[in-house]
Enquirer: 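Before I ask anything, here is the structure I am working with.
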Amino acid sequence: QVQLVESGGGLVQPGGSLRLSCAASGRTFSSYAMGWFRQAPGKEREFVSTITRGGGTTYYADSVKGRFTISRDNAKNTVYLQMNNLKPEDTAIYYCASGGVAANPSSFRSWGQGTQVTVSS
């Protein structure tokens with residue numbers, strides 16, 4: 001089973017940018033679709049973005065479309081989330097996920113420990 005470790009979170013002002021990274025263990029990273037999800041205080045975890053095994057197809061929540069970009073480097077066993085024009089409502093713990101189908105975010109079952117993103121002036 002793949003293990004996931006997120007990094008890159010932090011405090012940023014509204015309108016700023018962050019890039020999250022998720023390093024995966026194992027030699028079968030390229031066999032898995034990957035995803036990013038987030039959970040804000042007092043709310044349920046929600047879908048942010050997913051990407052297919054080869055990286056050719058991506059999916060985004062409407063709330064982040066046009067601002068966030070998911071990508072992956074299978075040679076480095078890493079998936080990224082570039083977040084631009086951040087808003088206070090983007091504040092959440094961001095989780096990396098694997099083991100699902102990119103077109104079906106509810107299918108993901110394996111999670112990292114999460115990284116905190118706080119957008120505040």
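As a basis for the values below, the full set of heavy atoms in this structure was taken, side chains included, without hydrogen atoms, waters or symmetry mates.
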Enquirer: Under the side chain to side chain donor-acceptor pair (under 3.5 Å) rule, collect the residues that match up with Arg45, sequence neighbours excluded.
Expert: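 With sequence neighbours excluded, Arg45 shows a side chain to side chain donor-acceptor pair (under 3.5 Å) to no residue whatsoever.
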Enquirer: Using modelled atom types only, decide if a donor and an acceptor are shared between the side chain of Arg53 and the backbone of Ala102 within a distance under 3.5 Å.
Expert: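 Not at all, since once roles are kept as given, no pair shorter than 3.5 Å links the two residues.
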Enquirer: Which salt bridge (Lys or Arg N to Asp or Glu O under 4.0 Å) pairs, counting each pair once, include a residue from residues 77-97, with sequence neighbours left out?
Expert: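 Found Arg38-Asp90, Arg67-Asp90.
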Enquirer: Between CG of Leu81 and CE of Met34, what distance do you get to the nearest 0.5 Å?
Expert: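 Result: 11.5 Å between the selected atoms.
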Enquirer: Mind checking what makes side chain to side chain donor-acceptor pair (under 3.5 Å) contact with Thr57, not counting sequence neighbours?
Expert: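 With sequence neighbours excluded, Thr57 shows a side chain to side chain donor-acceptor pair (under 3.5 Å) to no residue whatsoever.
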Enquirer: Not counting sequence neighbours, list each pair that qualifies as a disulfide bond (SG atoms under 2.5 Å apart) and has a residue in residues 5-121.
Expert: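 Applying disulfide bond (SG atoms under 2.5 Å apart) to every pair that reaches into residues 5-121, excluding sequence neighbours, yields Cys22-Cys96.
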Enquirer: Can you name the residues that form a salt bridge (charged side-chain N to carboxylate O under 4.0 Å, His left out) with Lys65, not counting sequence neighbours?
Expert: Asp62
Enquirer: Taking Ile70's backbone N and O only, do any of them form a donor-acceptor pair with Thr58's side chain (distance below 3.5 Å, no angle check)?
Expert: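 Checking the backbone N and O of Ile70 against the side chain of Thr58, no donor-acceptor pair under 3.5 Å is found.
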Enquirer: So, using ring pair (Phe, Tyr, Trp, His ring centres under 6.0 Å) as the criterion, who are the partners of Phe108 when residues are at least two apart?
Expert: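 Applying ring pair (Phe, Tyr, Trp, His ring centres under 6.0 Å) to Phe108 gives Phe37.
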Enquirer: Under the ring pair (Phe, Tyr, Trp, His ring centres under 6.0 Å) rule, what pairs show up with a residue in residues 52-84, not counting sequence neighbours?
Expert: none
Enquirer: How long is the span from the CH2 atom in Trp36 to the CG atom in Leu20, to the nearest 0.5 Å?
Expert: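 The CG atom of Leu20 is 4.5 Å from CH2 of Trp36, to the nearest 0.5 Å.
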Enquirer: For Ser7, what residues pass the side chain to side chain donor-acceptor pair (under 3.5 Å) criterion, not counting sequence neighbours?
Expert: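 Per chain and number, Ser7 pairs via side chain to side chain donor-acceptor pair (under 3.5 Å) with no residue.
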Enquirer: Could you list the residues that satisfy side-chain contact (heavy atoms from CB on, under 4.5 Å) with Ser110, not counting sequence neighbours?
Expert: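 Scan of Ser110 (side-chain contact (heavy atoms from CB on, under 4.5 Å), adjacent residues dropped) gives Gln1, Ser98.
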Enquirer: Which residues pass the side chain to side chain donor-acceptor pair (under 3.5 Å) test with Asn77, sequence neighbours left out?
Expert: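 For Asn77 there are no side chain to side chain donor-acceptor pair (under 3.5 Å) partners, ignoring immediate neighbours.
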Enquirer: Only pairs at least two apart or in different chains count here, so list each salt bridge (Lys or Arg N to Asp or Glu O under 4.0 Å) that has a residue in residues 95-119.
Expert: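 Sorted pair list comes back empty.
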Enquirer: Are any side-chain N or O atoms of Arg19 and backbone N or O atoms of Gly8, one a donor and one an acceptor, separated by less than 3.5 Å?
Expert: no
Enquirer: Using a 3.5 Å distance criterion without hydrogens, assess whether the side chain of Gln113 forms a donor-acceptor pair with backbone atoms of Val5.
Expert: no
Enquirer: Just distance, no hydrogens or angles: give the donor-acceptor pairs under 3.5 Å from side chains in residues 114-121, sequence neighbours left out.
Expert:
unit_1 : atom_1 : unit_2 : atom_2 : d
Thr115 : OG1    : Gly9   : N      : 3.2
Gln116 : NE2    : Ala92  : O      : 3.4
Gln116 : NE2    : Thr118 : OG1    : 3.4

